[in-house]
Amino acid sequence: MKIISNPTQVEIKRAAQALKDGHLVAFPTETVYGLGADATNERAVSRIYSVKARPTDHPLIVHISSINQLTKWAIDIPEYAIKLARKFWPGPITFIVKRSDLAKDFVTGGQDSVGLRVPSHRVAVSLLTEFEKLGGAGIAAPSANRFGAVSATTAKAVCEDLGDYLLAQDIVLDERGCTIGVESTILDCTTLTPRILRPGAVTTGNIESLFSITFDSSGLLNEKKVSGNSENHYSPKARVILNRLANPGEGFLALSNIPTPEGAIRLSAPDTLEQYARDLYNTFRLADEKKLQILVVIPPDGQGLAVAIRNRLSKAEDK
Ligand code: TXA
Ligand code: MG
C-alpha cells in the first residue's frame, strides 16, 4: 500500500481515482479513520470485509460529500432526519434511513436501510468531492481496524492493523485530525421517532434541545446489526477492568483529577471529556505496546460525550 502524508489536492484526486478503479483508500475523518471503497462496486466492498475480517452481514456506512447526495441513497426520509442532517452535517452523526435502489445488499448487509454520513475532516471532504467529480456516488467506509479491535485514530494505527492485508495499489491518506476520537453517533431514522443505536459526539441532549424531539423509551437498541453490539468490541489485548483500584504494574486511565494508585502505570490523564474521547483508543493501543496484562479504567460520570465513552468502555470491558 502507499502511505501519503498530508496529501495535497492532486494526491487526494489520485486517491479518488484509485477508489474509482476499485482499490481501497483509508482516510481520516473527524471521528476515526475509515477504510473506504466505492460503495457501488461489489468487488471493492467485499475487499473491505476481507481486510477487516468482518462478517458480511454487518452493514457499512456510506459517506457522501453533502446533504444534496442524501436522496441518491435514501427514500422516504422523515422530515426530522432532514432537519437533523441540516444541523449536524458535516459532522459525527450517521443516519439510518430507508435505502434507495443504489444501496445494494452488499453494502447494507441485506437490510432495507442504509447508514449515511457527511464527515467534516478536510481530507474526507476533498476525497468525497473528487470521487463524486469522477462520477462516484459514495464511499463505503467502516472504521479502519480489524473486526472487534480498537478503531484507528492515526495512520500509524491503520498500517499496524491492516498493513498486512492491504494491496500495493491501496492507499492510506495520513493526516492528523481525528479530533473526536470515538465513532459517530448512529441514529435510526426508520421509525416514527429517532433512536440512538450508538452514542457519539452528537448527544441525545444536543438533538432533543435543538428540535424538541423525544427519544423512544428503548434508548439504546440492540436488535439491529450495529458493530459494537457483539461482546468485547473495541477491545485492546490487555484486559480492561472498570472501576477498581489499580495494582502496581497495572495500566491506569482516569480523568486527571483522579490520582494514580501507588505503583500503577498511568497511561493517560485527560482533563476533559473531549480529551478522554480523543485519546481513548490510543491509550488502549499504548497498553498493548507496553504489553500490559491489565488496564484499569475509571469511566467518566455525567451526560454528553461521557455516555459515548462509557459505551465504548463497557464494550471493551473484560467479561
Ligand atoms: O465515525 C464513524 O462512524 C466511522 C467513520 C469511518 O465514519 N465509521 C464507523 O463504521 O464506525 P463501522 O462500520 O465501524 O460502524 C458503523 C456501524 C456498523 O457496524 C453498522 O452495524 C452500523 O453502523 N450500520 C450501518 N448501516 C446500518 C444499517 N443500515 N442499520 C443498522 N446499523 C447500521
Ligand atoms: Mg467499527
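Just follow the structure's listing: the first ligand is 1, and inside any ligand the first atom is 1.
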Checklist entry - Which of the atoms of ligand 1 are close to Ser113, meaning less than 4.0 Å from one of its heavy atoms? => result 28 (C), 29 (N), 30 (N)
Item to check | Check: Ser143 N/O within less than 3.5 Å of ligand 1 N/O | outcome: yes
Checklist entry - Which bit of Val114 is near ligand 1, meaning a heavy atom under 4.0 Å away: side chain, backbone, both or neither? => result backbone
Checklist entry - Which atoms of ligand 1 have any heavy atom of Ile186 under 4.0 Å away? => result 16 (C), 17 (C), 22 (C), 23 (O)
Checklist entry - For ligand 1, is there an atom lying under 4.0 Å from some heavy atom of Thr108? => result no
Checklist entry - With a 3.5 Å cut-off and no angle check, do the side chains of Thr153 and Arg278 form a donor-acceptor pair? => result no
Checklist entry - Does the ring center of His58 lie less than 6.0 Å from the ring center of Phe147? => result yes
Item to check | Sub-3.5 Å N/O-N/O distance, Tyr33 and ligand 1 | outcome: no
Item to check | Arg54, any N or O under 3.5 Å of ligand 1 N or O | outcome: yes
Item to check | Results of side-chain hydrogen bond (donor to acceptor under 3.5 Å, both in side chains) for Ser50 - residues two or more places apart only | outcome: none
Checklist entry - Does Asp161 reach the main-chain N or O of Arg146 with its side chain, forming a donor-acceptor pair under 3.5 Å? => result yes
Checklist entry - Between His63 and ligand 1, is there a nitrogen or oxygen pair with a distance under 3.5 Å? => result yes
Checklist entry - Is there a donor in the side chain of Thr94 and an acceptor in the side chain of Ser184, or the other way round, less than 3.5 Å apart? => result yes
Next on the checklist: Taking backbone and side chain together, does Ser143 place any N/O/S atom at a distance below 2.8 Å from the Mg ion (ligand 2)?
Outcome noted: yes
Checklist outcome for this item: If you compare Arg198, His58, Lys52 by their heavy atoms, the one closest to atom 15 (O) of ligand 1 turns out to be Arg198
Checklist entry - Within the distance-only criterion (no hydrogens, no angle test), does the side chain of Arg176 pair as donor or acceptor with the backbone N or O of Asn6 below 3.5 angstrom? => result no
Checklist outcome for this item: The atoms of ligand 1 lying under 4.0 Å from a heavy atom of Gly34, numbered in the order shown, are 6 (C)
Next on the checklist: One residue to check: Arg99. Relative to ligand 1, which of side chain, backbone, both or neither has a non-hydrogen atom less than 4.0 Å away?
Outcome noted: neither
Item to check | Criterion side chain to side chain donor-acceptor pair (under 3.5 Å) against Glu130, the qualifying member of Arg14, Gln9, Lys20 | outcome: Gln9
Would you give me the side-chain donor-acceptor pairs under 3.5 Å for residues 38-45, sequence neighbours excluded?
| unit_1 | atom_1 | unit_2 | atom_2 | d |
| --- | --- | --- | --- | --- |
| Asp38 | OD1 | Thr40 | N | 2.8 |
| Asp38 | OD1 | Thr40 | OG1 | 2.8 |
| Asn41 | OD1 | Arg43 | N | 3.0 |
| Asn41 | OD1 | Ala44 | N | 3.0 |

Next on the checklist: Is it the case that ligand 1 has an N or O less than 3.5 angstrom from some N or O of Ser184?
Outcome noted: yes
